[in-house]
Amino acid sequence: MSKRFVPLAWTAAVCAYLLIVLGAVVRISGSGMGCGDHWPLCNGHLFPPLDDVRTVIEWSHRLVAGLVSLLVIALVALEWRRGWPALALLIVQILLGAVTVKTGLTPVMVILHLGTAMLLLAALIVAAHPGPRSPIPLALTLITVLFGALTANLGAMAACGGFPLCNGQLIPSAGPLAWVHWTHRLLAYSLAGYLIWWVVRSADRRTWGLLAMVAVQIAIAATMIQLGFPGALQAAHAAVGAGVWAAVITAVRPATAPAAAFSASPRGPTLPDTR
């Protein structure tokens, strides 16, 4: 394997994370159509006039996407076997991005676009840091993030007032949007509970950092709800959420997951060998 592969993969992963955060800023600022319905050009230009902040934001997002594309292609050129999953996801991501713009940013396409971006980030981290992962925290984290995107894109953010309950209720009665939002919260609470269990059973100190990130994420969400969803806190919520996803991929291994730790622990006292 080329010595340049791992640093390049980490660089691509960092850029993919930045791409996800910029994508959230595009949505929050209403800049999704900042380049019109043109793709891959921006308002018909390769270098568009930057006299509108929404154009600047959307074009910046596309520039970072181009940088990620170049980095992934370089990874594949260095080592095809470890780089091809990221390349496949990149191709899907580019196609979804084009369809998302052409169809006017429908919620389904936006969420599919984000989901593919999350998987691309995961593929790059795994390429840089290979090995088995524990499926439960990965699945729970990804579903939580996608339900967060669903909550935002369906306009369900304000459907659940108050915190930690939904409009003061354990079982919301405010309609489907409240249930979408409440499901996102329940998933986040479940993830926090799983990680607490994991921390208690694991000797890996990285688990404390990951649990702290989840606690910060929940605190941002609570503050965001109380303050009426300011854009800066929405962007912070999206950035920390993507960071939690990246940290789970990096830190959670079968050897440190609760189930593995339990199976590896002794069932009773160890007796001395008297033979």
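Just so it is clear, the structure is predicted and the values come from calculations on it, not from any experiment.
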(request) Report the C-alpha separation of Val240 and Val244 in whole Å, then their side-chain angles, then the decisive distance to 0.1 Å, and conclude whether the side chain to side chain contact (heavy atoms under 4.5 Å, CB included) test is met. (result) CA-CA 6 Å; Val240 177; Val244 169; 4.3 Å; yes
(request) Could you give me the CA-CA distance, side-chain angles and deciding distance for Leu120 and Leu124, then say whether side chain to side chain contact (heavy atoms under 4.5 Å, CB included) is met? (result) CA-CA 6 Å; Leu120 174 60; Leu124 290 169; 4.3 Å; yes
(request) Starting from the C-alpha separation in whole Å, work towards a yes-or-no answer on side chain to side chain contact (heavy atoms under 4.5 Å, CB included) for Thr106 and Asn153. (result) CA-CA 8 Å; Thr106 59; Asn153 284 279; over 6 Å; no
(request) Give the intermediate values and the outcome of side chain to side chain contact (heavy atoms under 4.5 Å, CB included) for residues Phe163 and Thr223. (result) CA-CA 9 Å; Phe163 186 89; Thr223 305; over 6 Å; no
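Annotation for Ile57 and Ser31: closest pair CD1-OG, 3.6 Å, computed over non-hydrogen atoms. When every heavy atom of Ala24 is checked against every heavy atom of Ala238, the shortest pair comes out as CB-CB, 3.4 Å. The two residues Leu89 and Ala123 make their nearest non-hydrogen contact at CD1-CB, 3.8 Å. Smallest separation of non-hydrogen atoms from Ile125 and Ala13: CG1-CB, 4.0 Å. Contact detail for Ala128 and Val6: the closest heavy-atom pair is O-CG1, 3.8 Å. Here the closest non-hydrogen pair linking Ala242 and Tyr17 is CB-CE1, 3.6 Å.
The number of heavy atoms from other shown groups lying within 6.0 Å of CD1 (Ile136) does not exceed 12. Heavy-atom contacts from other residues, nucleotides or ligands closer than 6.0 Å to CG of Leu227 number more than 12. Heavy-atom contacts from other residues, nucleotides or ligands closer than 6.0 Å to CH2 of Trp84 number 12 or fewer.
Note that the CZ atom of Arg27 and the CD atom of Gln234 stand 5.5 Å from one another [nearest 0.5 Å]. To the nearest 0.5 angstrom, Leu210 atom CG is 5.0 Å from Leu195 atom CG. Rounding to the nearest 0.5 Å gives a distance of 9.5 Å between CG of Leu177 and SG of Cys160. Here Leu18 contributes atom CG and Leu67 contributes atom CG; the two are 8.5 Å apart, rounded to the nearest 0.5 Å. The structure places CG of Leu114 at 10.0 Å from CG of Leu19, a figure rounded to the nearest 0.5 Å. Note that SG of Cys15 and CG of Leu121 are 11.0 Å apart. Values are rounded to the nearest 0.5 Å.
Under the 4.5 Å side-chain criterion, counting only non-hydrogen atoms from C-beta, Tyr194 is in contact with Pro137. With contacts defined as side-chain heavy-atom distances shorter than 4.5 Å, the pair Leu187/Leu191 does not qualify. Using a 4.5 Å cut-off on side-chain heavy atoms (C-beta onward), Phe47 and Cys42 make no contact. Val99 is not listed as a side-chain neighbour of His113, based on a closest heavy-atom distance of 4.5 Å or more.
The main-chain N or O of His237 is found under 3.5 Å from a side-chain atom of Gln217 such that the two form a donor-acceptor pair. Side-chain atoms of Arg201 never come within 3.5 Å of backbone atoms of Val199 as a donor-acceptor pair (strictly under, hydrogens ignored). Although no hydrogens or angles enter the test, the distance criterion places no donor-acceptor pair under 3.5 Å between the side chain of Gln226 and the main chain of Gly162. Using modelled atom types, one side-chain atom of Trp182 and one backbone atom of Leu170 make a donor-acceptor pair closer than 3.5 Å. Between the side chain of Trp245 and the backbone N or O of Met118, at least one donor-acceptor pair lies under 3.5 Å. The backbone N or O of Leu165 sits less than 3.5 Å from a side-chain atom of Arg185, completing a donor-acceptor pair. No side-chain donor-acceptor contact under 3.5 Å links Asn167 to the backbone of Gln169. Side-chain atoms of Thr55 come within 3.5 Å of backbone N or O of Gly34 as a donor-acceptor pair. The closest donor-acceptor contact from the side chain of Trp179 to the backbone of Pro172 lies under 3.5 Å.
Hydrophobic clustering keeps Val145 apart from Leu112 (ILVMFWY residues linked when any side-chain heavy atoms are closer than 4.5 Å, directly or through intermediates). Hydrophobic clustering, with ILVMFWY side chains joined whenever heavy atoms are under 4.5 angstrom apart, groups Leu211 together with Leu138. In the hydrophobic clustering of this structure, Leu70 does not group with Ile94; members are Ile, Leu, Val, Met, Phe, Trp, Tyr whose side-chain heavy atoms approach within less than 4.5 Å, directly or through other members. Both Leu140 and Leu150 belong to a common hydrophobic cluster when Ile, Leu, Val, Met, Phe, Trp and Tyr are linked at side-chain heavy-atom distances under 4.5 angstrom. No path of Ile, Leu, Val, Met, Phe, Trp and Tyr side chains, each step under 4.5 Å between heavy atoms, connects Val26 with Ile111, placing them in separate hydrophobic clusters.
Between Arg62 and Glu58 there is a salt bridge, since at least one side-chain N of the basic residue sits less than 4.0 Å from a carboxylate O of the acidic one.
Using cut-offs of 30° and 60° for the angle between ring planes, the His181 and His184 rings count as tilted.
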